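Notes for the one structure printed next.
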Amino acid sequence: MNLSVPRRATAVAALTVLAVTGLAGTTATAAPPSAQTAPAAPAGALAAPDIPLANVKQHLADLQSIATANGGNRAHGRTGYKASIDFVKAKLDAAGFTTTVQQFTYNGTTGYNLIADWPGGDANQVLMAGAHLDSVTSGPGINDNGSGSAGILETALAVSRANLQPTKHLRFGWWGAEELGLVGSKHYVNNLPSTERSKITGYLNFDMIASKNAGYFVYDDDPTLEGVFKNYFAGIGVPTEIETEGDGRSDHASFKNVGIPVGGLFTGASRVKTSAQVQKWGGTATAFDSCYHSSCDTTAAVNDTALDRNSDAIAHAIWTLGTATTPPPGPVFENTADVSIPDNGAAVTSSVTVSGVTGNAPATLKVGVDIVHTYVGDLVVDLIAPDGSVYNLHNRSGGSADNIVQTYTVNASSEVAGGVWKLRVQDKAAIDTGYINSFKLTF
Ligand code: TRP
Ligand code: ZN
Ligand code: CA
C-alpha cells in the first residue's frame, strides 16, 4: 500500500537548518548536559502506531539490492555505502524531513552521516534515534545493521504519516563507519557545539534488531530510556534482559561519552544463546546471529518476529518520550539571606513564606539547598512544613566533602502548601563550619 505523505512547510532558512541539526560551528569542549528530566511515566504521551513489518522488510530488500549491485557490501568507502545514504535520504526528503549529509574522511576515503530533523518540537529538548548504516566488507549487512537502519527509517516515516506534533524536537541519525570504530557517530558528536549537545535529552541506538536466533536485550544506561523499552516488552509479554555483549560496542558510546543519556535495543551478535535463554525466547543454543559479519548476513538471515517487535518498540519510545508533556514548574519561593551555622551547636533555620498556592503541596516539591560548609558529614538538614512535619534531606553522609548544593524532591502532598516552610540545619561535630547560602522551594 502506498500511503500518502502529509506535506509540511519546508521553507527553512539555511542558518536555521544548521542550528536545528546542530551541525554549525566547531568542536567545543565536552560539557555534561543537565540531568534527564523526563518522568518515568511521562504525562500526556500519545500512543504509537503499529509499524508495518512489510514496510520495514521492503527497506531491507532495497538495502540488499543496493549491496548486490555494488559488489556485495555497503561498507565505508565503497559505492554501496553512498548508495545506501542516497536511498534513505530520498525517503526522508519526500516525507518532509530536513536532511543533512555530514561528510568526514577516514582511511583516506569519504564517509557520510545522514541527519534528519522533523520540523517542530522544542528545539531545546531534542530526542534522537540512530543506527549505523555501514556494513562490513564481507557481506551486505542486513541484520547488521540494515535492521536498525530500516527500523528507525520506518518510524520516521510513521512520524510523517501521523503528522506528529511532538513536544520534543525529533532527530534521526544514520552513521557511517561504525564498523571501523564508531567513526561517524564520534565525528557527529565531536562537531556538535556543547550548547547543542546539552539540548539532546536522550539518544536511542539500534544496532542489530533482527538476529535470526534473537534475544531481546535492552541497554541499561539511562533508567528512563531503559524503562520505556522494558514497559513496551512487558506490555506484549516478551521477557527482556540487559544488554551485556560488549557495552560501548556501538554508536551510543559516542553520545554516552559526552554525558548524553542513552538507551537502545539489541538482539545479539556472535555470542551463543544459553539454554536458559532458549527456554525464555525459543530458538537454539547457538549464536544469536550465526551470519554476524559474514556474507550470509542477507535478507534470509532476518528474524521477522524480532524485527516486528523491535520496530514497534522504537515507535513506542519515540512517541512516549517525544510527545510527553512536562508540566511547567510552579511558583518559586527563595530565601537568599545567609544564615551562619554554629560549629557543633544549635540548629538554625532559613524560612520562606508560601502564599498564593492553594491546596496541598505537590508530590514532587523541589527543595533547593545551597549550604557552604567544609565538612558535610557534620550536617543534619531537614525541611520543616508549616505544620511542623519534618522531612530529612541529609543526615551526616558524604564525609569531608565541601558544600551541599542540591535539589531534593520531596513528596509533600500531605502538607498544606501555604505558610512558613523552613530549612533546618544543625552542625553536629566540632571544627568544620559554614552557612546556609540559600533555600528555595519550587511548587
Ligand atoms: N556494533 C557491533 C557491530 O556492528 C555489534 C555489537 C556487538 C553490538 N555487541 C553489541 C551492538 C552490543 C550493540 C550492543 O558489529
Ligand atoms: Zn553493527
Ligand atoms: Ca563542625
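Both ligands and their constituent atoms are indexed starting at 1 by order of listing. The model shown is predicted, which means the values in this text are computed figures rather than measured ones.
- Of the polar atoms of His132, at least one N or O is found under 3.5 Å from an N or O of ligand 1, judged by distance alone.
- Here the side chain of Arg271 pairs no donor or acceptor atom with the backbone of Phe288 at under 3.5 angstrom.
- Contact annotation: for Asn145 versus ligand 1, there are no heavy atoms closer than 4.0 Å.
- Within the 3.5 Å criterion, the main-chain N or O of Ala210 finds a donor-acceptor partner in the side chain of Asn143.
- Counting heavy atoms only, Glu179 comes closest to atom 4 (O) of ligand 1 of the residues Arg271, Glu179, Met208.
- At a cut-off of 2.8 Å, Glu179 does not coordinate the Zn ion (ligand 2) through any N, O or S atom.
- Heavy atoms from other residues, nucleotides or ligands lying under 6.0 Å from NZ of Lys273 number more than 12.
- Residue His293 approaches ligand 1 through these ligand atoms, each under 4.0 Å from one of its heavy atoms: 3 (C), 15 (O).
- Under a 4.0 Å N-O distance rule, the pair Lys91/Glu154 does not qualify as a salt bridge.
- Asn205 and His132 share no side-chain donor-acceptor pair at under 3.5 Å.
- Contacts with ligand 1 closer than 4.0 Å are made by side-chain heavy atoms of Tyr219 only, the backbone lying farther away.
- For ligand 1, one of its N or O atoms has an N or O atom of Tyr292 under 3.5 Å away.
- Centroid-to-centroid, the aromatic rings of Trp319 and Tyr232 stay 6.0 Å apart or farther.
- Between OD1 of Asp207 and OD1 of Asp144, the angle at the Zn ion (ligand 2) works out to 100°, rounded to 10 degrees.
- At least one donor-acceptor pair closer than 3.5 Å links the side chain of Asn145 to the backbone N or O of Phe206.
- Distances below 4.0 Å separate heavy atoms of Gly246 from the following atoms of ligand 1: 12 (C).
- Asp308 contributes no side-chain N or O that, together with a main-chain N or O of Asp304, makes up a donor-acceptor pair within less than 3.5 Å.
- For atom 10 (C) of ligand 1, the nearest protein heavy atom (residue, atom name, distance) is Glu245 O, 3.4 Å.
- Summary of contacts: the protein heavy atom closest to atom 8 (C) of ligand 1 is Phe266 CE1, 3.5 Å.
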